[in-house]
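Naming convention: chains lettered A, B, ... in sequence-line order (proteins, then strands); numbering from 1 in each chain. Just so you know, these numbers come straight off a predicted model, no measurement behind them.
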Amino acid sequence: MNLLDNLNPEQLAAVTLPSQSALILAGAGSGKTRVLTTRIAWLIQTSQVSPAGIMAVTFTNKAAKEMLSRLSAMLPINTRGMWIGTFHGLCNRLLRTHHRDAALPQSFQILDSQDQLSMIKRMLKALNVDDEKYPAKDLMYFINNAKDNGRRAADCEAYDHVQKRMVELYDAYDQQCQREGVVDFAELLLRAYELLQRNHPLRQHYQMRFRHILVDEFQDTNDLQYNLLKLLAGHHEPAGGAIFAVGDDDQSIYAFRGANVGNMQAFEREFEVKNLIKLEQNYRSHGHILDTANFLIANNKQRLGKNLRTDAGQGEPVRIYEASSDLEEAQWIIDEAKSLMGEGVPRSEIAILYRSNAQSRVIEHALFAAGIPYTVYGGLRYFQRAEVKHAIAYLQLMDNPHNDSAFLRVVNFPTRGIGARSIEQLQMAADSYGVSLYAAVPHMTGKAGTVLSNFVKLIESARFETQQLPLPEMVKVVLERSTLLDHYGKEKEGAERIENLEQMVSAATHFVQEEGFGVTAPAHLGPQAAASSGAAIVNLDGIELLDADAPLAAVMSPLSAFLSHASLEAGDAQAQAGQDAMQLMTVHSAKGLEFDAVFITGLEEGLFPHESSSRELDGVDEERRLMYVAITRARKRLYMSFTQQRMLHGQTRFNMKSRFFDELPEESLKWLSPRVQTKWFGGRNSTTAWDDANFRENGSDNQIARQITQKSSSDKGIGWRIGEQVAHARFGEGVIVNIEGGAGSPRALINFGGAGMKMLDLSVAKLEKVAR
DNA sequence: GCTGTTACAGTTTTT
DNA sequence: CTGTAACAGC
């Protein structure tokens, strides 16, 4: 079958573009991954490039794997020669290959965010920094932000004392990392960038090699990533290759972590892009859903401009539901989901989305009570679990004993009588000699010296014993020698932890097979053996260059590679409990996924759009894009809901319905009337199903309902109630949050959303009731 | 060194 | 309301 069969005209045009830089605006569900992979396959099949000339960059391991597997289904060739992976994965590979030029030890280790934070905390303590004035989290943010913008401490401008100190601390942090032989995530990219920038021949080598660089989710690139791409592509350099950038500015939802949508326009301008192709044909959603998405996103300014279309027909309207409370919202979701399942929709095809994780609780509770299987995305990942991190720390120390984070994690775990005092002394010794904790152990005397050197002996002997062993065997020995298995064996709830630890052996087995270790080179030999067994080392201007097809085994030992893998690919979040379970996740984590039926919940001012977004520049636009992502996840059925009252942080909040509802096409919507209606007139409430239901549901809601009843009855004659939606000539629509002052001087605290909270005198203010 | 108490903060997330 | 982090006490 021909590669190009079944592509639509735009897709075909994109796939077969000439070898120039191009920007593909790929709407949601427009076959973006298909275009990317087919482009690669087509380039190779038509002999325009060899596999080694291809680099494809993604943000997540999942996307990289997806690409690789689709590609190997398409092409009967070895995908090994291609560099396909995440930014971090590829930079890791680059830095391992050229570790000398990058001034890194061969077995440098990668800190995850947790390790990075604890390292910063440790440093602040050692330097006696006031952690009130310089919180570790702030410093970490500062450092990562600087690195993401390509700035070293020396490049940072400081306008005041605090900033000046931050820059000093940034510098101290980098030095400490260098001493320990560790790099954080941002450092991987920055080092790679600096390496290529500084090293002309090396840069030229890669520029000539990678004729085609394909970038997925281009709208998510930060400035450093974009600059790295510019270097690799040889932007304005003679050897330069072409960048095939695929992205969607309407799905840019990661500004908060440094992503810069502006990179798309910058790319178009700087690379003088002549080929801009829009993929607007959507293969996912029915018409009403797509219309809803298009209508909403049209409210954003500064778009590159795109309108999705479908051949699928209008389908069902988007259903909107107003719930009286978060509990009732959850109950409604369950009722609707049940009827969907009755129509034959599998549970796994039903997704419940929310803006923030805290919202999942109530829904989970209701699902649990209803006995419906569900999975929540975003739990603890395998390699993040405490017991696994402990085992990894032992392995890290065996591969690089100067990793202080690893040292501190396990020096007294399981406990071996090394207390805080000993560690403090050791820390002081290490600081005064300017060495790692491990290297400072010989300077210790007395009892502390003895126990510490016993720990060092444990690590050394484990290293010695496992030198000749393949990786999975090595892991097995470490689990035994560290006494981690014994330790958890004695714990009451240790069974699951032991299971996780034992799973590490199979993870190692799997890894060794997957990455080709032990095939090219015996596990214990590593770089040299691999080099002599085929991967040629080319010498170019005195720079070591490995042959294009050098396997991972040629540039790092199996252990180093496995440890990188553990840091860069944190593994799956918890084993998928039931195969067929409803899917709960944040809107962010839903990006890239699709479902037959989608519920978007908590569509209230303050929640979605989130209140903090109004403080940020273009914050609401980003929230709108987030909403756009949420809508476009649905294939056939889309539900949206909001509530009159919601429990958040232990307090009941009354929010207006989301402004986004005003931006949707009425003809595509179906407002489900609340199944219960509240009617309060002049403080005289006609008891309705609404509060009946609430009184019955549970204690806390009960209380709230009673509170409201009390409030309104004490405000007899005023005619307003808490939770009611009102309109004001100047402030627009709002919702009454509180009423005080009694009949004498009644005042209402009203949440006007964008216009803020106002306290209005009810006898004066001109308020209108708004039907919802 | 471990356990219980209190204080406090509290979007979104991948690597 | 809930999870985490820091500290006091056994």
Original post:
With sugar-phosphate meaning primed atoms plus P, OP1 and OP2, does A:Ser567 contact a base, only sugar-phosphate, or nothing at under 4.0 Å between heavy atoms?
Top reply: nothing
Subject >> For chain A, the stretch of DNA chain C it reaches, first to last nucleotide, under 4.0 Å of its heavy atoms >> reply: C:dC1 to C:dG3
For a quick test of your reading: what N or O donor-acceptor pairs under 3.5 Å do the side chains of residues 129-138 of chain A make, sequence neighbours left out?
unit_1	atom_1	unit_2	atom_2	d
A:Asp130	OD1	A:Glu132	N	3.0

**OP:** Report which part of the nucleic acid A:Ala570 touches: base, sugar-phosphate, or nothing (heavy-atom distance under 4.0 Å, all strands).
**Re:** nothing
Kindly give the atom pairs (protein nitrogen or oxygen, nucleotide nitrogen or oxygen) under 3.5 Å for nucleotides 2-11 of chain B.
unit_1	atom_1	unit_2	atom_2	d
B:dG10	N3	A:His649	ND1	3.2
B:dT11	O4'	A:His610	NE2	3.4
B:dT11	O4	A:Ser612	OG	3.1
B:dT11	O4	A:Glu616	OE2	2.7

**OP:** Round to a whole Å and report the spacing from CG of A:Leu188 to C1' of B:dT14.
**Re:** 13 Å
Subject >> Residue mapping more 5' on DNA chain B - nearest nucleotide basis, A:Gly89 or A:Gly417 >> reply: A:Gly417
Original post:
Of A:Glu604, A:Arg355, A:Arg659, which meets side-chain contact (heavy atoms from CB on, under 4.5 Å) against A:Pro609?
Top reply: A:Arg659
**OP:** For A:Thr652 and A:Gln645, test the side chains for any donor-to-acceptor distance below 3.5 angstrom and give the result as yes or no.
**Re:** no
**OP:** Please state how far atom CZ in A:Arg257 lies from atom P in B:dT12, giving the value in whole angstrom units.
**Re:** 13 Å
Original post:
Syn or anti: how is B:dT11 classified when any glycosidic angle within 90° of 0 counts as syn?
Top reply: syn
Original post:
Honestly, is A:Arg96 close enough over A:Phe108, meaning NZ or CZ under 6.0 Å from the six-membered ring centre and within 45° of the axis?
Top reply: yes
Original post:
Roughly, in whole Å, what's the span from CZ in A:Arg93 to C1' in B:dT15?
Top reply: 17 Å
Original post:
Does A:Asn61 have a side-chain nitrogen or oxygen under 4.0 Å from the phosphate oxygens OP1 or OP2 of B:dT14?
Top reply: no
Original post:
Within this structure, what is the CZ-to-C1' distance between A:Phe59 and B:dT15, rounded to whole angstrom?
Top reply: 10 Å
Subject >> Quiz item: A:Ser589 side-chain donor-acceptor pair to B:dT12 base, under 3.5 Å >> reply: no
Original post:
Taking atom P of B:dG1 as reference, at what distance in whole Å does atom CZ of A:Arg421 sit?
Top reply: 5 Å
**OP:** Please report, rounded to the nearest Å, how far the P atom of B:dT15 is from the CZ atom of A:Phe87.
**Re:** 13 Å
Original post:
Regarding A:Asn260 and A:Asn222, is there a side-chain donor-to-acceptor distance under 3.5 Å anywhere?
Top reply: no
Subject >> Interatomic distance, A:Gln225 atom CD to A:Phe87 atom CZ [nearest 0.5 angstrom] >> reply: 4.5 Å
**OP:** Mind calculating the distance between CG (A:Asp621) and P (B:dT12) to the nearest angstrom?
**Re:** 21 Å
Original post:
Could you state the interatomic distance from CD1 (A:Ile352) to CD1 (A:Ile363), rounded to the nearest 0.5 Å?
Top reply: 5.5 Å
**OP:** Identify whether the distance between the nearest side-chain nitrogen and carboxylate oxygen of A:Glu187 and A:Lys147 falls below 4.0 Å.
**Re:** yes
Subject >> Pair A:Tyr354 and A:Phe599, ring centroids less than 6.0 Å apart >> reply: no
Original post:
Between A:His98 and A:Tyr206, does the ring centroid distance fall short of 6.0 Å?
Top reply: yes
Original post:
Which whole-number value in Å describes the distance from A:Leu353 CG to B:dT13 P?
Top reply: 12 Å
Original post:
Expressed in whole Å, how much space separates the P atoms belonging to C:dA5 and B:dT12?
Top reply: 16 Å
